[in-house]
There are 2 protein chains.
Amino acid sequence: MSDVARAAGVSAATVSRALRGEPGVSEATRRYVTEVAKRMRYAIARDASSLAGGRRYAIAVLAGDVRRGDLLAGAEGALRQAGYDVLLYVLGEPPARARFFEELPLARRVDGVLALSVDLTPAEGAALRGLDVPVVEVGDDDLREALRLAVGHLVELGHRDVALVVTGDESHDEELAAGGLRVRPEWTLWSSPTVAGGEQVVDVLLDAERLPTAVISSSGEVALGVFLRLRRDGRAVPGDVSIVSLDGAELTRAVGITAVEGAWRERGEHAVDVLLSRLRGEDAAGGPPPVRLVVRDSSGRRV
Amino acid sequence: MSDVARAAGVSAATVSRALRGEPGVSEATRRYVTEVAKRMRYAIARDASSLAGGRRYAIAVLAGDVRRGDLLAGAEGALRQAGYDVLLYVLGEPPARARFFEELPLARRVDGVLALSVDLTPAEGAALRGLDVPVVEVGDDDLREALRLAVGHLVELGHRDVALVVTGDESHDEELAAGGLRVRPEWTLWSSPTVAGGEQVVDVLLDAERLPTAVISSSGEVALGVFLRLRRDGRAVPGDVSIVSLDGAELTRAVGITAVEGAWRERGEHAVDVLLSRLRGEDAAGGPPPVRLVVRDSSGRRV
DNA sequence: CTGTTAGCGCGTTCAA
DNA sequence: TTGAACGCGCTAACAG
């Protein structure tokens with residue numbers, strides 16, 4: 001940095017201010033210094049800067065579900081553009097995850113935390129907040145909103161007997177009832193988030209006395225399993241049964257299943273906006289981009 | 001650190017040495033210091049450490065294809081365990097990518113670079129190597145090896161007329177011929193790496209005078225497109241045409257397409273091993289975990 | 001608006 | 001085996 005300062009005929013402090021966009025430098029000086037720095041291929045040394053300044057120019061990104069590549073990419077791009085480094089932490093298996101929250105290797109290392117589809121427990125959230133930096137969480141599921149869209153779509157098509165397959169453990173009877181559907185306990189099913197899980201769900205449905213005219217699945221894999229198993233059983237989709245997925249854009253798009261899709265890349269960017277606002281002490285404006293229903297071939301009018 | 005030193009009744013230098021596992025400290029002292037540090041919840045400040053010591057304890061991970069979540073997760077886990085921070089860079093669209101290589105924001109920030117399925121151009125590779133830290137690349141495709149497996153499988157099933165659909169631009173006539181297949185220019189097709197691309201490929205194949213008895217696709221999406229389009233056209237899979245994909249574990253597994261699968265998580269870990277070896281100045285032993293063929297319902301004996 | 005001074009928290013000599 | 005002193009490259013507070 002002192003080399004640049006000498007070359008530009010100013011002091012190191014001025015170079016520092018100019019390069020960081022700090023006020024207190026004339027526009028002319030800033031432009032000149034910036035140009036000299038670029039010519040000399042100089043960039044501020046991050047760790048010296050952090051050490052002296054206190055700010056770290058780094059955000060910890062906790063990723064729960066690594067398959068949400070778009071969410072991660074969106075967040076990374078936005079952070080990079082804002083001049084922040086991205087420290088990635090993949091919170092995978094429970095033991096590794098537990099160790100992470102125990103050691104909290106983020107202390108004094110980042111200016112903020114972004115939790116992407118990690119579904120923090122209250123204890124984990126508290127631990128993060130103990131870090132004393134802004135924490136922003138992006139839930140894996142806007143399940144309620146997605147469910148509303150799916151229910152609306154199916155009701156519009158004349159369906160009333162709809163089974164709901166979830167992979168989590170919350171109740172969603174309200175959304176179903178509010179949309180005008182019949183709520184039956186035997187039509188609320190749990191499944192592992194896999195294609196095989198979806199296939200098993202169909203077996204259960206077929207065993208019951210009545211088949212629903214539509215199935216909503218919270219997972220794309222499960223929706224695909226339901227789709228394949230119904231077909232194999234000679235049922236027409238959507239002739240006999242309609243299918244709507246609440247997630248799994250790639251899979252459902254490939255196979256042609258009607259699905260609710262979140263704009264994950266945009267959600268990542270939005271989360272960064274919120275985080276950066278907090279860092280500036282402001283309040284973020286606006287909510288995340290809404291989920292949207294993409295109608296494909298797996299849903300049709302009730303026959 | 002000085003607090004810990006005082007509490008332990010030693011100097012800061014000793015604490016530093018003890019905590020980093022440097023030689024020159026008695027085992028007893030080290031144990032005691034380590035314990036005091038843990039009790040005080042003290043951890044070495046990374047940026048001060050880098051500033052003073054030169055090592056950065058951070059690895060830049062460049063991710064080209066964010067859908068390769070397992071590769072990324074494997075690398076992240078291995079790096080974390082080795083005590084390195086992971087600085088994530090998603091190399092997405094061409095303009096952003098070009099800017100990255102132009103500015104190379106890694107200078108003096110990382111101890112090494114891991115390029116995961118980014119498919120570096122020679123110029124990009126040279127730029128990275130100019131950083132003067134070890135660079136390890138994990139190719140997106142072990143296409144040749146995968147192709148050999150796929151060809152062997154099909155030949156064993158009696159196929160000789162096999163179309164190859166690629167999304168890249170290399171030639172693979174050798175592998176086809178070496179396996180004993182007939183090589184026909186009109187059966188080597190290019191496709192965009194999408195389901196729609198695969199569907200279009202089938203249209204082209206159907207236009208020709210002869211249909212191959214099997215199709216190999218370098219992409220899972222394309223394989224799915226081929227599968228769906230063939231079915232829609234009334235062709236049986238694998239009755240009329242067998243399909244083997246060289247990638248796309250998730251998709252192909254879901255739909256039941258025979259595919260070559262790489263153990264991506266393990267490959268990520270292996271790449272880290274190689275990188276860490278280089279950092280120690282050693283030579284890494286062993287190659288990456290091999291790809292394997294998973295036979296499913298889309299490939300069968302030639303009829 | 002700009003320069004000067006004094007650390008930030010550690011690792012690394014060098015002596016003891 | 002341990003401790004003291006110095007400096008890594010930068011930013012913050014102050015003075016001009």
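Quick note on labels: first sequence line is chain A, next is B, and so on, each numbered from 1. Because only heavy atoms are used, hydrogens play no part in the values below, and waters and symmetry mates are left out as well, while side chains stay in.
Rounded to an integer number of Å, the gap from A/Asp3 CG to D/dG9 P is 10 Å. When rounded to the nearest whole Å, the span between CG of B/Leu19 and P of D/dT2 equals 14 Å. The distance from atom CZ of B/Arg56 to atom C1' of D/dG9 is 10 Å, rounded to the nearest whole Å. In this entry the distance linking CG of A/Leu51 with C1' of C/dG9 reads 5 Å, nearest Å. The distance from atom OH of A/Tyr57 to atom C1' of D/dG9 is 13 Å, rounded to the nearest whole Å. Here D/dA12 presents its C1' atom at 10 Å from CD of A/Glu22, a figure rounded to the nearest Å. The distance from atom CG of B/Asp47 to atom C1' of C/dG9 is 8 Å, rounded to the nearest whole Å. Between B/Met1 atom CE and D/dA5 atom P there is a gap of 16 Å when expressed in whole angstrom units.
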Query raised in the report: Just by protein heavy atoms under 4.0 Å, how would nucleotides 1-7 of chain C read 5' to 3' in B, S and -?
Result: SBBB--B

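Other residues, nucleotides and ligands contribute only 12 or fewer heavy atoms inside 6.0 Å of the CD atom of A/Glu93. No more than 12 heavy atoms of other residues, nucleotides or ligands lie within 6.0 Å of CD in A/Gln81, so this atom counts as exposed by the packing criterion. The neighbour count for A/Arg41 CZ, taken as heavy atoms of other residues, nucleotides or ligands under 6.0 Å away, does not exceed 12.
No side-chain donor-acceptor contact under 3.5 Å links B/Tyr89 and B/Arg97.
Among the nucleotides D/dG9, D/dA12, C/dG11, the one closest to any side-chain atom of A/Ala45 is D/dG9.
Side chains of B/Pro193 and B/Glu221 form no contact here, defined as non-hydrogen atoms less than 4.5 Å apart.
Using a 4.0 Å heavy-atom criterion, one finds that A/Arg46 contacts no nucleic acid atom at all.
Residues satisfying the side chain to side chain donor-acceptor pair (under 3.5 Å) test with B/Arg30, not counting sequence neighbours, are none.
Contact check, B/Arg109 against D/dG9: no side-chain N or O comes under 4.0 Å of OP1 or OP2. For B/Tyr42 and C/dG9, the shortest distance from a side-chain N or O to OP1 or OP2 is not below 4.0 Å. At least one side-chain nitrogen or oxygen of B/Arg108 sits closer than 4.0 Å to the OP1 or OP2 atom of D/dC10.
With B/Leu62 as the partner, the side-chain contact (heavy atoms from CB on, under 4.5 Å) test is satisfied by one option alone out of B/Leu88, B/Leu128, B/Val135: B/Leu128.
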